[in-house]
Each structure stands twice: as structure tokens, then as C-alpha cells.
Amino acid sequence: MLGKFNLERLRKGVLRYLVIESLSERPMRVYDIIKSIEERFNGTYRPSTGSIYPILKGLVDEGLVNVTEEDGRKTYILNETGRVELEKAREKFKSKFSDDYTGDKRKIATEVMGMIIALYGNRNTINENQARQILDVIKSCREKIIEIISDKSI
């Protein structure tokens with residue numbers, strides 16, 4: 001079971017990866033990074049500027065991202081060192097799940113991570129009735145997954 005500290009570390013690690021992944025597409029301002037991440041989760045998760053700025057500062061300090069400033073607005077650019085780090089992270093992520101980490105297997109991991117981030121990001125707005133309904137869906141989903149995995153005829 002993930003404790004509060006481990007879940008927070010997981011969230012920060014995933015968010016750090018998502019920031020780097022977003023910057024691999026093109027140079028961006030903070031707002032663009034937030035929108036890019038939000039689009040990846042179809043609007044179910046939107047990181048705050050307060051969670052993005054410390055990550056960007058760390059990436060700059062680590063020498064993975066460069067910053068340009070024009071008219072008081074900063075643009076963040078993933079440099080070559082950052083691109084190498086992104087590839088290492090992708091490889092590490094792949095190896096954690098499977099040697100055959102392609103296609104639908106990758107989509108499963110992405111969807112599960114998206115669900116975790118959506119739940120965590122909305123943890124303060126979910127009421128008790130919604131929490132019960134979500135729990136029912138998760139339990140049912142887990143049972144169905146176990147049923148599918150157990151079926152050797154598939």
C-alpha cells in the first residue's frame with residue numbers, strides 16, 4: 001500500500017516526467033506546460049502553477065532545461081541533456097512494466113497512472129457519495145481485471 005509520503009513522491013515524479021515530456025514537444029511557458037498536461041488527461045487533471053514552478057526550477061538547476069526571458073515572460077526549453085534524461089526515464093519506465101512494453105500494455109499503464117493523478121488532483125472536491133461510487137467502480141474494475149487475467153482461454 002502506498003503511504004501518503006510515497007504517493008506524494010510518486011505524484012511529483014510523474015509530474016516531473018510530464019513536464020519534461022511536454023517540453024520535448026517545443027519550448028513552452030508555464031501556462032503552456034499546464035495546458036499540455038491537462039490535455040493529456042482530457043481535462044480531468046490540471047496541475048497548479050505552484051506545483052510546476054518548483055519542478056522547473058529543479059530542472060533548470062539540474063541543467064536539463066534552459067530559460068529565455070522576453071518582456072518579463074520566461075520560456076522553458078528542454079536542452080540536449082534534458083532529452084537524454086527523458087529517454088532514460090522512458091527506458092526506466094518501460095523496464096518497470098515489461099520487456100514487451102508496447103501497444104496496449106503501455107496504454108494500460110498510462111490509463112492507470114491517469115486515474116491515480118485524476119483522483120489525487122481532485123481529492124479535496126470528491127464528496128462522500130462520489131467517493132462511494134468511485135470505490136464501487138474501482139472494486140468492480142479490479143474484479144473484472146482479475147477475471148480476465150485468470151481466463152487462460154483468452
Side-chain angles (χ1 to χ4, degrees), residues 1-62 64-65 67 72-76 78 82 85-86 88-98 100-154:
M1 191 86 182
L2 286 174
K4 182 178 179 182
F5 177 72
N6 287 338
L7 188 57
E8 185 64 18
R9 262 186 41 197
L10 174 65
R11 185 191 67 83
K12 285 180 181 177
V14 170
L15 193 53
R16 180 181 188 273
Y17 174 80
L18 290 169
V19 168
I20 295 171
E21 181 81 29
S22 295
L23 290 173
S24 74
E25 297 169 3
R26 63 182 170 81
M28 295 183 176
R29 294 190 169 108
V30 171
Y31 175 78
D32 299 321
I33 294 168
I34 290 170
K35 291 304 287 178
S36 173
I37 293 170
E38 183 179 26
E39 287 170 10
R40 290 170 196 268
F41 291 97
N42 297 318
T44 60
Y45 174 69
R46 179 186 172 96
S48 68
T49 56
S51 61
I52 297 296
Y53 278 116
I55 291 170
L56 287 169
K57 181 181 180 336
L59 293 173
V60 170
D61 291 347
E62 291 173 50
L64 305 177
V65 171
V67 184
R73 298 176 77 189
K74 293 181 179 179
T75 300
Y76 296 87
L78 188 66
E85 184 72 18
L86 175 61
K88 285 181 189 175
R90 285 177 177 158
E91 289 303 315
K92 184 176 180 182
F93 193 66
K94 285 180 193 176
S95 70
K96 293 283 185 199
F97 288 94
S98 166
D100 179 28
Y101 185 68
T102 57
D104 287 341
K105 289 181 182 179
R106 180 180 180 126
K107 290 176 186 173
I108 291 169
T110 302
E111 288 300 322
V112 169
M113 191 57 64
M115 185 175 65
I116 290 168
I117 290 174
L119 288 170
Y120 186 81
N122 292 288
R123 69 191 179 283
N124 295 326
T125 60
I126 296 171
N127 64 40
E128 285 301 313
N129 187 39
Q130 291 170 322
R132 278 190 293 280
Q133 290 179 34
I134 291 167
L135 267 172
D136 289 344
V137 169
I138 291 171
K139 286 177 184 176
S140 174
C141 181
R142 184 187 69 237
E143 290 167 1
K144 184 67 178 171
I145 289 169
I146 291 169
E147 180 184 316
I148 291 167
I149 292 169
S150 299
D151 187 351
K152 302 303 178 196
S153 68
I154 299 178

Hey, is Lys144 close enough to Glu147 for a salt bridge, meaning N to O under 4.0 Å?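 Here Lys144 pairs with Glu147 in a salt bridge, since their nearest N and O are under 4.0 Å apart.
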Determine, for Glu111 against Arg40, whether the closest basic-nitrogen to carboxylate-oxygen distance falls under 4.0 angstrom.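 Here Glu111 does not pair with Arg40 in a salt bridge, since their nearest N and O are not under 4.0 Å apart.
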For the residue pair Asn122 and Ala118, what are the closest heavy atoms and their distance?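 That would be ND2-O, 2.7 Å.
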Taking side chain to side chain contact (heavy atoms under 4.5 Å, CB included) as the definition, give me every residue that meets it alongside Ile149, ordered by chain and number, with sequence neighbours left out.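 With sequence neighbours excluded, Ile149 shows a side chain to side chain contact (heavy atoms under 4.5 Å, CB included) to Ile145, given in chain and number order.
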The criterion is side chain to side chain contact (heavy atoms under 4.5 Å, CB included); which residues satisfy it with Pro27, sequence neighbours excluded?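 Per chain and number, Pro27 pairs via side chain to side chain contact (heavy atoms under 4.5 Å, CB included) with Thr75, Ile77.
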Do [X] and [Y] come within less than 4.5 Å of each other through their side chains, counting heavy atoms only?
X	Y	answer
Ile116	Val14	no
Leu86	Tyr17	yes
Leu59	Leu78	no

About how many Å separate [atom2] of [Y] and [atom1] of [X], when rounded to the nearest 0.5 Å?
X	Y	atom1	atom2	result
Leu23	Ile20	CG	CD1	8.0 Å
Leu56	Leu64	CG	CG	11.0 Å
Tyr76	Ile55	OH	CD1	12.0 Å

By salt bridge (charged side-chain N to carboxylate O under 4.0 Å, His left out) - contacts of [X] (at least two apart):
X	result
Glu21	Arg90
Asp151	none
Lys74	none
Lys152	none

Tell me, please, which residues at least two apart from Asn124 pass side-chain hydrogen bond (donor to acceptor under 3.5 Å, both in side chains).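 Residues passing side-chain hydrogen bond (donor to acceptor under 3.5 Å, both in side chains) with Asn124: none at all.
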Could you list the donor-acceptor pairs under 3.5 angstrom formed between side-chain atoms of residues 30-37 and any protein atom two or more places apart in sequence or on another chain?
| residue | atom | partner | partner atom | Å |
| --- | --- | --- | --- | --- |
| Asp32 | OD2 | Arg29 | N | 3.2 |
| Lys35 | NZ | Glu38 | OE1 | 3.1 |
| Ser36 | OG | Ser22 | OG | 2.9 |

Extract all donor-acceptor atom pairs below 3.5 Å that involve side chains of residues 127-143 and protein atoms in other chains or at least two apart in sequence.
| residue | atom | partner | partner atom | Å |
| --- | --- | --- | --- | --- |
| Asn127 | OD1 | Asn129 | N | 3.0 |
| Asn127 | OD1 | Gln130 | N | 2.7 |
| Gln130 | OE1 | Asn127 | N | 2.9 |

